[in-house]
Amino acid sequence: MASVFSRIVKGELPAAKVYEDGLTLAFLDINPASRGHTLVICKEEYPDFLTMPPELVAAVARTSQVVARAIKAALQPDGFNIIQNNGAAAGQVVFHYHVHIIPRWEGDHAVRGWRPGTAVHDELHATAALISAQLGKEQA
Ligand code: 5GP
């Protein structure tokens, strides 16, 4: 079944669109974390970052930068977050790859960050070794 975002692409559902090109579409989030909270999607439906062709990741990144510049100029936030959730455990609700641009104003508490832990030197290096060994296998 088509995702809710594919239905927006097809014009079956309304959206407050801000930008569109051949590969990507940007529109305001229906439950915004802040004024101007925008979603940038790939028009073609892929569930998440890992399933996206790299050239489409690049297209979404390009559009995200164009739109973020426009948000900065139009709404003059103090900053903004770029957030991209993958998997239910990471808070993903719509399984159609998308990037959030969330304008931020000093003291707005619009987005809760992660809780910083404490690095244990040996564990950091053991984890890095696992990941880099995997990358080594993939590149062999
Ligand atoms: P996720 O948690 O998957 O990264 O974020 C999905 C986002 O899509 C949520 O912030 C949610 O408010 C937004 N959303 C879900 N359905 C719709 C919709 O029909 N229209 C718009 N504009 N946003 C939607």
Side-chain angles (χ1 to χ4, degrees):
M1 199 176 81
S3 76
V4 68
F5 294 166
S6 285
R7 297 190 64 200
I8 288 172
V9 171
K10 288 185 204 147
E12 294 171 5
L13 291 175
K17 296 180 185 174
V18 298
Y19 177 89
E20 181 164 12
D21 63 25
L23 298 175
T24 67
L25 175 67
F27 51 92
L28 299 191
D29 195 296
I30 205 166
N31 295 123
S34 68
R35 180 169 173 246
H37 179 167
T38 301
L39 302 174
V40 181
I41 69 165
C42 173
K43 286 183 172 178
E44 209 175 318
E45 184 173 335
Y46 293 91
D48 57 24
F49 183 64
L50 295 182
T51 53
M52 282 281 283
E55 61 276 15
L56 293 181
V57 173
V60 171
R62 255 193 318 272
T63 296
S64 298
Q65 193 179 49
V66 166
V67 172
R69 285 190 176 127
I71 289 172
K72 181 82 179 147
L75 304 181
Q76 303 191 337
D78 300 315
F80 57 90
N81 295 104
I82 300 280
I83 296 175
Q84 201 276 303
N85 300 322
N86 294 279
Q92 185 176 11
V93 174
V94 177
F95 289 82
H96 179 148
Y97 179 77
H98 58 281
V99 167
H100 296 256
I101 305 172
I102 305 179
R104 299 295 304 274
W105 284 267
E106 292 295 344
D108 65 12
H109 304 295
V111 175
R112 257 181 292 152
W114 61 85
R115 280 177 289 116
T118 306
V120 176
H121 180 271
D122 289 352
E123 277 176 22
L124 277 189
H125 287 274
T127 304
L130 277 178
I131 298 168
S132 60
Q134 181 62 36
L135 287 165
K137 274 189 227 160
E138 286 169 12
Q139 280 155 19

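Atoms within each ligand, like the ligands themselves, are counted from 1 in listed order.
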Ligand 1 N/O to protein N/O, distances under 3.5 Å:
residue  : atom   : partner : partner atom : Å
ligand 1 : 2 (O)  : Gly91   : O            : 2.7
ligand 1 : 2 (O)  : Val93   : N            : 3.4
ligand 1 : 3 (O)  : Val93   : N            : 2.7
ligand 1 : 3 (O)  : Val94   : N            : 2.9
ligand 1 : 3 (O)  : His98   : NE2          : 3.2
ligand 1 : 4 (O)  : Asn85   : ND2          : 2.9
ligand 1 : 4 (O)  : His98   : NE2          : 2.8
ligand 1 : 4 (O)  : His100  : NE2          : 2.8
ligand 1 : 5 (O)  : His98   : NE2          : 3.2
ligand 1 : 5 (O)  : His100  : NE2          : 3.2
ligand 1 : 10 (O) : Asp29   : OD1          : 3.2
ligand 1 : 10 (O) : Asp29   : OD2          : 2.5
ligand 1 : 12 (O) : Asp29   : OD1          : 2.5
ligand 1 : 22 (N) : Leu28   : O            : 2.9
ligand 1 : 22 (N) : Ile30   : N            : 3.4
ligand 1 : 23 (N) : Ile30   : N            : 3.3

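Tyr97 and Phe49 make their closest contact through CD1-N, 3.5 Å (heavy atoms, listed as atom of the first residue, atom of the second, distance). Taking every heavy atom of both residues into account, Ala110 and Ser34 meet most closely at CB-CB, 4.3 Å.
For the pair Lys17 (side chain) and Ala26 (backbone), a donor-acceptor distance under 3.5 Å is absent.
With sequence neighbours excluded, no residue satisfies side chain to side chain donor-acceptor pair (under 3.5 Å) with Glu55. In terms of the ring pair (Phe, Tyr, Trp, His ring centres under 6.0 Å) criterion, residue partners of His121 (sequence neighbours excluded) are, by chain and number, His125. Residues satisfying the ring pair (Phe, Tyr, Trp, His ring centres under 6.0 Å) criterion with His100, sequence neighbours excluded, are His37, His98.
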